[in-house]
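Throughout, numbering of the chain's residues begins at 1 and tracks the sequence. Values reported hereafter were calculated over all heavy atoms of this structure, with side chains retained and with hydrogens, waters and symmetry mates removed.
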Amino acid sequence: MQEIELYFQDLIGKVLNQSDIIEKTTEKLAKMSIKRVYLCGCGGAISRLRCGKSTLISSLNVPVIDVHSSEFAISSTCIIDSETLVIIGSKTGVTDDLLKACERIQGRNATVIGFTGTMNCPVNRYLDVKFDSLDTDVNLFLYWLFILSLKKQVTRDQSIYDEYVSWLKQDQNKLCDFLKIKSTEIRTMIPKLSSNYQMWIGSGDSINILECYSKYIMEEIQRIPTQVIHSGEFFHGPFEIIDAQQCVFLLIDDQENRVLDIRVESFLDKQSLQYFKLDLVDYCKDGISSDLKTILNTILTNYYFVDFKAAYSESTQRSASTRRYYRVVEY
């Protein structure tokens, strides 16, 4: 078995090992009177938390508000009481803004669930329940397991939960095969990408992954200005700066938003402009429900960009260790 297969086998195994605590937590949450949910974090964490926002709204039928931790710490508009569920994400759990936000929540009887990548970190003392995100801030395999378990408990419909768990156990190799094919494409593409300015375009829940990695890979690590544009907004201004020198990356959804992305692709083709793309239809999802496809798209996009990040660092020799300011100077 190759390295990538071993990696995902181990990772998904560790996610499934948390099934019991997830089930106990969501069973308790389903019995509570939850009137609002806040998704709280910064950087990649808040972007990944947003991936599950629409499913949380449809499952709980309450407002789900994503709030940057720095704003949550000071905002007077956030209602925090016993009918409030706060879901936070952080890899290290040491960010000052996040700790201040948690201090504000403390004593107000809200329920606080945390996805953190470090077992013993300062933010843990504020959490009612902590899930181990293992290799990142919000592990999407784990986050979706939590969301779908909560959906099952609230709606009493466990079909999508069972389908997802079955996929986790049985279809890891499909994910690995997809990523291996894309890995070759990524390493062919990167030398052709502009180092001046890039525009990344997409739609649906997966655009949150574009937001995450445009900031983290391209700006924080590679120092390349990168703008993320929703496909629906592309024709409301941004397309006017497209020319032969403009570097465009297009993420094409395979669900209901696909029509928006294809419209952008059609425009780029008609103008004979070069662009790069990831079409999520390339991943074989035969026999998979539409709901699961939407979930898998966020996971596929995330791990595509994990490799994209590694490939860019191989090409430029820039990495997290070469950052100029982040945790290097006072700010």
*asked:* Looking at Ile79, is its backbone amide N or carbonyl O close enough to the side chain of Tyr38 to form a donor-acceptor pair, meaning the two atoms are under 3.5 Å apart?
replied: yes

_Looking at Arg263, I want to see if its CZ is surrounded by more than 12 non-hydrogen atoms of other residues, nucleotides or ligands under 6.0 Å._
no

*asked:* Checking the side chain of Asp162 only, and the main-chain atoms of Ser159 only, is there a donor and an acceptor separated by less than 3.5 Å?
replied: no

*Under the ring-ring contact (aromatic ring centres under 6.0 Å, His included) rule, collect the residues that match up with Trp200, sequence neighbours excluded.*
Phe249, Phe305, Phe308

_Give me each pair satisfying salt bridge (Lys or Arg N to Asp or Glu O under 4.0 Å) with a member in residues 148-157, each pair once, sequence neighbours excluded._
Glu23-Lys152

_Going by side-chain hydrogen bond (donor to acceptor under 3.5 Å, both in side chains), name the pairs with one or both residues in residues 218-227, residues two or more places apart or in two chains._
Tyr197-Gln227, Glu220-Arg323, Gln222-Thr316

*What pairs of residues pass the salt bridge (Lys or Arg N to Asp or Glu O under 4.0 Å) test when at least one of them lies in residues 229-254, not counting sequence neighbours?*
Asp254-Lys285

_If the threshold is 4.0 Å, N to carboxylate O, is there a salt bridge linking Asp10 and Lys14?_
yes

_Heavy atoms from other residues, nucleotides or ligands near NZ of Lys169 exceed 12 (cutoff 6.0 Å)_ = no

*Taking it one step at a time, do Tyr213 and Tyr304 satisfy ring pair (Phe, Tyr, Trp, His ring centres under 6.0 Å)?*
CA-CA 10 Å; Tyr213 284 102; Tyr304 173 92; 9.6 Å; no

*Taking atom OG1 of Thr116 and atom CD1 of Ile88, what is their separation to the nearest 0.5 Å?*
7.5 Å

*asked:* Does Glu256, at its CD atom, have more than 12 non-hydrogen atoms belonging to other residues, nucleotides or ligands within less than 6.0 Å?
replied: no

*Pairwise distance CD(Gln317) to OG(Ser319) - rounded to 0.5 angstrom*: 8.5 Å

_Taking side-chain hydrogen bond (donor to acceptor under 3.5 Å, both in side chains) as the definition, give me every residue that meets it alongside Gln18, ordered by chain and number, with sequence neighbours left out._
none

_For Tyr7, ring-ring contact (aromatic ring centres under 6.0 Å, His included) partners two or more places apart_ = none

*State which residues pass salt bridge (Lys or Arg N to Asp or Glu O under 4.0 Å) with Arg104; sequence neighbours excluded, sorted by chain then number.*
none

*In terms of side-chain heavy atoms, does Asn297 have a donor or acceptor partner in Ser206 at a distance below 3.5 Å?*
no

*Would you say Met32 and Leu29 make side-chain contact, with heavy atoms under 4.5 Å?*
yes

*Can you sort out the partners of Glu314 under side-chain hydrogen bond (donor to acceptor under 3.5 Å, both in side chains), two or more places apart, ordered by chain and number?*
Arg187

*Are the side chain of Ser47 and the backbone N or O of Ile209 linked by a donor-acceptor pair below 3.5 Å?*
no

*asked:* With a 3.5 Å distance limit and no angle check, can you tell me whether Asp171 reaches the backbone of Lys174 through a side-chain donor-acceptor pair?
replied: no

*Determine whether Phe115 and Asp132 make a side-chain contact, defined as any pair of heavy atoms from C-beta on separated by less than 4.5 Å.*
no

_To the closest 0.5 Å, what do you measure between CG (Asp261) and CD1 (Ile252)?_
6.5 Å

*asked:* Check the orientation of Phe267 and Phe234. Use parallel for under 30°, tilted for 30 to 60°, and perpendicular for over 60°.
replied: perpendicular

*Please list, chain by chain and in numerical order, all residues satisfying side-chain hydrogen bond (donor to acceptor under 3.5 Å, both in side chains) with Arg36, sequence neighbours excluded.*
Asp81, Thr84

*What residues, two or more places apart in sequence or in another chain, satisfy ring-ring contact (aromatic ring centres under 6.0 Å, His included) together with Tyr216?*
none

_Using 30° and 60° as the class boundaries, would you call the ring planes of Phe131 and Phe146 parallel, tilted or perpendicular?_
tilted

*Do other residues, nucleotides or ligands put more than 12 heavy atoms under 6.0 Å from Lys130 NZ?*
yes

*Hey, what else clusters with Val259 if you join Ile, Leu, Val, Met, Phe, Trp, Tyr whenever side-chain heavy atoms sit under 4.5 Å?*
Leu260

_Is there a path of hydrophobic side-chain contacts, each under 4.5 Å between heavy atoms of I/L/V/M/F/W/Y residues, joining Tyr143 to Phe8?_
yes

*Examine distances only and state if a side-chain atom of Thr322 and a backbone atom of Arg318 form a donor-acceptor pair shorter than 3.5 Å.*
no

*Count the heavy atoms of every other residue, nucleotide or ligand shown that sit under 6.0 Å from NZ of Lys180, and state whether that count exceeds 12.*
yes

*Excluding sequence neighbours, so at least two apart, what forms side-chain hydrogen bond (donor to acceptor under 3.5 Å, both in side chains) with Asp137?*
Arg48

*Lys182 vs Glu185, salt bridge (Lys or Arg N to Asp or Glu O under 4.0 Å): CA-CA, chis, key distance, verdict*: CA-CA 5 Å; Lys182 294 305 174 184; Glu185 294 178 7; 3.2 Å; yes

*Heavy-atom distance under 4.5 Å between the side chains of Thr301 and Leu280, does that happen here?*
yes

